[in-house]
Amino acid sequence: MSQGLSPIAFLTRTRRPGRIGLTDILSWAWLVLGTLAVLIPVVWAGLSSFKPAAEITRFPPTLLPRAAVQQTVPGFDAPLSLWTVDVDGKSREMAMVRRIGLKAQMVDPSNPGPPVSVDVKSMSPVQRLTIATENYTDPLTRFDFLTFLKNSVFVTFVATLLTLAVNALAAFALSKYRFRGEKAIFVLIISTLMIPLTVVMVPAYLVVVGVGLVDSLWGIIIPTIASPTGVFLLRQYMLTIPDELIEAARVDAASEFRIFWRIVLPLTAPALAVLAIFSVLWRWNDFLWPLIVLSSRENFTLQVGLNAFQGEFSVQWNYILAMTFLSLAPVTVVFLFLQKYITTGIAGTGMK
Amino acid sequence: MSTPKATDLGGRALDFVMGVVEAPINGFERLMGRKRMPYLFLAPNLILFGIFTFLPIAIAVGYAFTGGTGLFVSERPFVGFDNFRQLLQCEDYLRPGSCRESLFWTAVWNTLWFVGFNVAATLLVALVTALILNRAMAARGFFRAMFFYPVLLSPVVIGLIWKWFLDRNGLLNAFLQMLGVPPEIFLLDVGWSRFFVVVVSVWFHMGFYTLILLAGLQAIPKDLYEAAAIDAASPRRTLFRITLPLLGPNLLVVLILLMIRSVQIFDEAWVLTNGGGPGTANSFIVQYIYQMAFGSDLRLFGLASAASVLMGLVLLALTLIQLRLGRKMES
Amino acid sequence: MGNLKLTNVTKAFGALTVLHGIDLTIDNGKFVVFVGPSGCGKSTLLRIIAGLEDISAGGIEIGGRDVVQLSPAERKIAMVFQSYALYPHMSVRKNLAFGLENLKFKRSEIETRIGEAARMLAIEPYLDRKPRQLSGGQRQRVAIGRAIVRNPDIFLFDEPLSNLDAALRVQTRAEITRLHRQLRTTMIYVTHDQVEAMTMADEIVVLNAGRIEQVGTPLELFDNPRNLFVAGFLGSPRMNMLKGEVTAVGEAGVTIDAGYGAPLSASIDPAAAKVGQAVLVGIRPAHFAVGDEGLPFVVQYHESLGTETYVYGTLEGRDEQIIVHQTGHFAPRPGDLLRIMPLSGRVHVFDPDSGLALPQSVSQRSDVHEHA
């Protein structure tokens, strides 16, 4: 049988121990290529973000961030660049004094005598691994990136805290009480899952203007706090907390709010953690809504700032990439540590 | 007693804050009784939903029937179906240039093409990946995480990373040069830029759909495969007669979800293509709405709302199909 | 004080009425068991007393105080739940302290009470453990401890032993009884297990379908079941029932013919019965003498438990199963024909239509009490 050659077979055959078939090779090839496809653009951008401005547009590009080496040579005021030069069939390092057409004037950096004339074709620059930290420090100090960063951190932190509090309270009411209108309210909240922001963004903007939150960080925090996904996730989890615990607390003279924060909230910690992770990612990555609401530069979040920045400094890729990486880093760290939580959370709720 | 730990201090701080918050809430409970507490607990959520979700929905439809450039409904003249007429007036819908609102129809056609290619490509890639990951692979967790990683990134970041990758001096051109192909400015070419908007979208989202499909595949009982193996079913028959039919409901849900999300393409395409370029090659419906309402000094809120309503109707239809499928799946 | 008075307590969930006007008085310091089949409303009644459920109509007084409008905390009750309902994220100590903290007790007072309760229940070594680190029996004791520290007027137990294994159940039963003797506080205990009811209660309240069937001491209920339900529910194996007819009414009781030409005499108030009346005769398995005369009993099989033997069979020519209990070893073969005779004064007679027991004659009633 030649099943191993059919492309269908490679998708369905289960592995047998001790035999590596074509199916396994194709599967691994797909996965490895896929992983490379995911990683290469990200890693490439990451490596590029450390390249000095002069290097970043070099084509063909070098893989690692490198820069020409310069050295101060006795007798010259400015530092000179180092080159590898072929002189009399021997390769040696020399410093370039000046360049005239196809000839360059070179001196020995350690023992500068009279300059030697060298053919440009026979020389190549000496480069060392250099990390251009100024790509990161400049935007944070000279441009507004520190402000953007502060705004993003503030929005993410405050919105996540409020999201947890407001939705946990609602989920508590919807899971641990029986009251008139309970079902209707739940359906009403869940139905808002179906209304994407893109459909209501014009009137939502009007409302934000109406309540005076336009061009304010609160204008992107407050409208996003009430989350149907959050209510749903927390409610489903709270339903698994036995009602007898609530009753025991009532017999123990706890007020309803005390039951919420001393009993229910601690026991909902796993679901709260999942919601917190999602909320952080949502708020940190949010783009369209902040783009609409925020208009003055000092209120921009990182994403909006990044977008504005690339329009203004379209050629300064070293800065753009550095800031891109600054925005990507926390998400990557969160993912590295909480990968299991996130993937099972999404598989369990189908949300994103 | 042991010395207080940091967590103890945090706990005490929380206790203090909650103690302050608690007092008025307990007062409410004493005054109104335990039975009314759930309403109090729901209030913040419902007020926020009311103001920022339900109110906009109510306004959205009304807005679409007004004109002018005023922001508040009171400042806006009622214009009936004018906005819709403006959007829909066309000699030949296949030629956006012949329409009164040619930008809108360009966006509609761009979006339709994008949805078609993106849905097909994402579904195919996600399904193949899920099928492979569903086999007893070593390092399954690693690969699942790897493919999922881009899902968590911001669309702006993804737009910028790919823009750099596709740059005239980018890695892709360097690679092509090694093969002897002359460099290309991909994002300034109509065909290439459209192609890469789909590539980036697949790259961005496929991990999410892979995860959902993988969950569906893992829910198929293993003994079915064992029974099929005993019944000497070929791999092709196993795939088409067992795996895909049982995955069918998940596939349909993923398909609809993908459509709903693809129709709303905006963020990453906006950043990647510098706002829909070259020209209007990558101008999509959400971008049209955004530009009409906020993008310039036009402030055509009525026209934007009318376009929103039309898109909302399409999304609503897709959602209803999804709900119906979901119900069928449960029964 | 911990006396409880329920008047016409009614509970309805929508159209479904689960408690039909319960009237009940419980004296201070009594150990009262609510028993009945599942769904009879016993747990609902307990939760109503606790204040965890509202009542649709009626009144509740604890210590002479109307508590209908009061929250559980204000009723001065404490409850031990079926699942124990220990707060899983708190240590045992914090579990015990939680209620007292809510009532704003002083730290020192809380510590004292926890210390006392822990000593009484021998849970001192576990005070700093979390509930999940405890065995079932230890959790049970912590749950009781949480009730004790509150120093309540009434303890409420909701099937507290149902999650324990058989051996532990017997042991904990004895501990709760000991605790009651020590504390002398009113305890109300819900169970579906008649052995628990019989062994622990000062007074048993038998509930069925939202109504009280009978209230009394365990032996009162055993000896004088008021109706067919109580007769069938208490006692294991269940009481045998024979159809019969009153053939004579005399000064000392009535004579009943259950067929087979063996008249059965029962000490029934002569005023309550008349000749020709159809009745159901109830005889507990232990109240038969096996001998030369009596009803013809065909053996099907027997179960020997060593110190006692249950013989299963039917009366000759009939289908209803009859169980006969004998002490010691007794091994009839299947198909053997035995003669069985009810012990005198141990014959219960019921009206088949109303299900009520016919009242016993006065002399007989006192006789039974001497037995007890």
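Per chain, numbering begins at 1; letters A, B, ... match sequence-line order. These numbers come from the heavy atoms of this one structure, side chains and all, not from hydrogens, waters or symmetry mates.
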- Item | Minimum side-chain heavy-atom gap B:Phe147-A:Leu31 below 4.5 Å | yes
- Message: Counting only non-hydrogen atoms closer than 4.5 Å, does B:Leu46 touch chain A with its backbone (N, CA, C, O), its side chain (CB onward), both, or neither?
- Response: side chain
- Message: Side chains of A:Val208 and B:Phe52, heavy atoms from C-beta outward: is any pair under 4.5 Å?
- Response: yes
- Item | Heavy-atom contact with chain B under 4.5 Å, split by part of A:Trp261 | side chain
- Query: Picking from A:Phe325, A:Phe179, A:Phe172, which has the most non-hydrogen pairs under 4.5 angstrom with chain B?
  - Reply: A:Phe179
- Task: Under 4.5 Å heavy-atom distance to chain B, tell me which part of A:Val304 shows up: side chain, backbone, both or neither.
- Result: neither
- Item | Which of B:Phe41, B:Phe142, B:Trp164 touches chain A most, by non-hydrogen pairs under 4.5 Å | B:Trp164
- Query: Side chain, backbone, both or neither: which part of B:Phe294 has an atom under 4.5 Å from a heavy atom of chain A?
  - Reply: side chain
- Interatomic distance, CG@B:Asp167 vs OG@A:Ser48, rounded to 0.5 Å, equals 9.5 Å
- Message: Do B:Phe49 and A:Leu188 make a side-chain contact, defined as non-hydrogen atoms from C-beta onward lying under 4.5 Å apart?
- Response: no
- Message: Taking the side chain as everything from C-beta on, heavy atoms only, tell me whether A:Arg180 gets closer than 4.5 Å to B:Tyr39.
- Response: yes
- How about B:Met146 and A:Leu39: do any of their side-chain heavy atoms sit closer than 4.5 Å? yes
- Query: Non-hydrogen atoms of chain B under 4.5 Å away: do they reach the side chain of A:Ile222, the backbone, both or neither?
  - Reply: both
- To the nearest 0.5 Å, atom CG of A:Leu47 lies from atom CG of B:Leu171 at 9.5 Å
- Relative to each other, are the rings of B:Phe143 and A:Trp28 parallel, tilted or perpendicular (30° and 60° limits)? perpendicular
- Task: Assess whether side chain to side chain contact (heavy atoms under 4.5 Å, CB included) is satisfied between B:Val157 and A:Val331, documenting all intermediate values.
- Result: CA-CA 11 Å; B:Val157 162; A:Val331 174; over 6 Å; no
- Query: Looking at A:Val166, A:Leu281, A:Leu206, which makes the most heavy-atom pairs under 4.5 Å with chain B?
  - Reply: A:Leu206
- Task: Would you name the heavy atoms of A:Thr198 and B:Ser308 that are closest together and state the gap between them?
- Result: O-OG, 4.2 Å
- Query: Is the shortest heavy-atom distance from the side chain of A:Val200 to the side chain of B:Thr53 under 4.5 Å?
  - Reply: no
- Turns out that what part of B:Glu22 lies under 4.5 Å from chain A's heavy atoms comes down to both
- Message: Any donor-acceptor pair under 3.5 Å linking the side-chain atoms of B:Ser154 with those of A:Trp284?
- Response: no
- Looking only at heavy atoms, what is the nearest atom pair of B:Trp162 and A:Pro41, with distance? CZ2-CG, 3.8 Å
- Between B:Phe28, B:Phe175, B:Trp270, which has the largest tally of heavy atom pairs under 4.5 Å with chain A? B:Trp270
- Looking only at heavy atoms, which two atoms of A:Ala173 and B:Pro38 are closest? And how far apart? CB-O, 3.5 Å
- Should A:Thr332 and B:Tyr149 count as side-chain neighbours, where that means a heavy-atom distance under 4.5 Å? yes
- Heavy-atom count around B:Arg36 CZ within 6.0 Å, excluding the residue itself: above 12? no
- Query: What heavy-atom pair brings B:Ala60 and A:Pro203 nearest, and what distance separates the two atoms?
  - Reply: CB-CG, 3.6 Å
- Go through the atoms of B:Ala145 and report whether side chain, backbone, both or neither lie under 4.5 Å from a heavy atom of chain A. both
- Look at B:Leu48, B:Ile242, B:Leu160 and state which one has the largest set of heavy-atom pairs under 4.5 Å with chain A. B:Leu160
- Message: Closer than 3.5 angstrom, by distance alone: can the side chain of A:Asn285 be matched with the main-chain N or O of B:Leu152 as a donor-acceptor pair?
- Response: yes
- Query: Which bit of B:Val125 is near chain A, if near means a heavy-atom gap under 4.5 Å: side chain, backbone, both or neither?
  - Reply: both
- Message: Nearest 0.5 Å, please: how far is CD1 in A:Ile259 from CE in B:Met37?
- Response: 9.5 Å
- Between A:Val207 and B:Ile51 the two heavy atoms that sit nearest each other are CG1-O, 3.5 Å
- Task: Decide yes or no for A:Phe257 and B:Val21: does some side-chain heavy atom of the first lie under 4.5 Å from some side-chain heavy atom of the second?
- Result: yes
- Query: For the side chain of B:Trp203 and the backbone of A:Ala37, is there at least one donor-acceptor N/O pair under 3.5 Å apart?
  - Reply: yes
- Message: Looking at chain A, which one of B:Ile158, B:Leu55, B:Asn173 has the largest number of heavy-atom pairs inside 4.5 Å, strictly under?
- Response: B:Asn173
- Item | Over all atoms of both residues, closest heavy-atom pair of A:Val38 and B:Pro150 | CG1-CG, 3.8 Å
- Message: Nearest 0.5 angstrom please: A:Trp44 CH2 to B:Leu172 CG, how far?
- Response: 11.0 Å
- Query: If you count heavy-atom pairs under 4.5 Å with chain A, which of B:Arg168, B:Met178, B:Lys35, B:Gln264 comes out on top?
  - Reply: B:Gln264
- Item | Any donor-acceptor N/O pair, B:Glu29 side chain to A:Glu256 backbone, under 3.5 Å | yes
- Query: Can you tell me how far the CG atom of B:Leu42 sits from the CD atom of A:Glu182, to the nearest 0.5 Å?
  - Reply: 9.0 Å
- How long is the gap from NZ on B:Lys163 to OG1 on A:Thr324, to the nearest 0.5 Å? 10.0 Å
- Message: Does any backbone or side-chain atom of B:Asn26 lie under 4.5 Å from a heavy atom of chain A? Answer side chain, backbone, both or neither.
- Response: side chain
- Note on the structure: Heaviest contributor of heavy-atom pairs below 4.5 Å to chain A, chosen from B:Gly170, B:Gly141, B:Gly19, B:Ala58, is B:Gly170
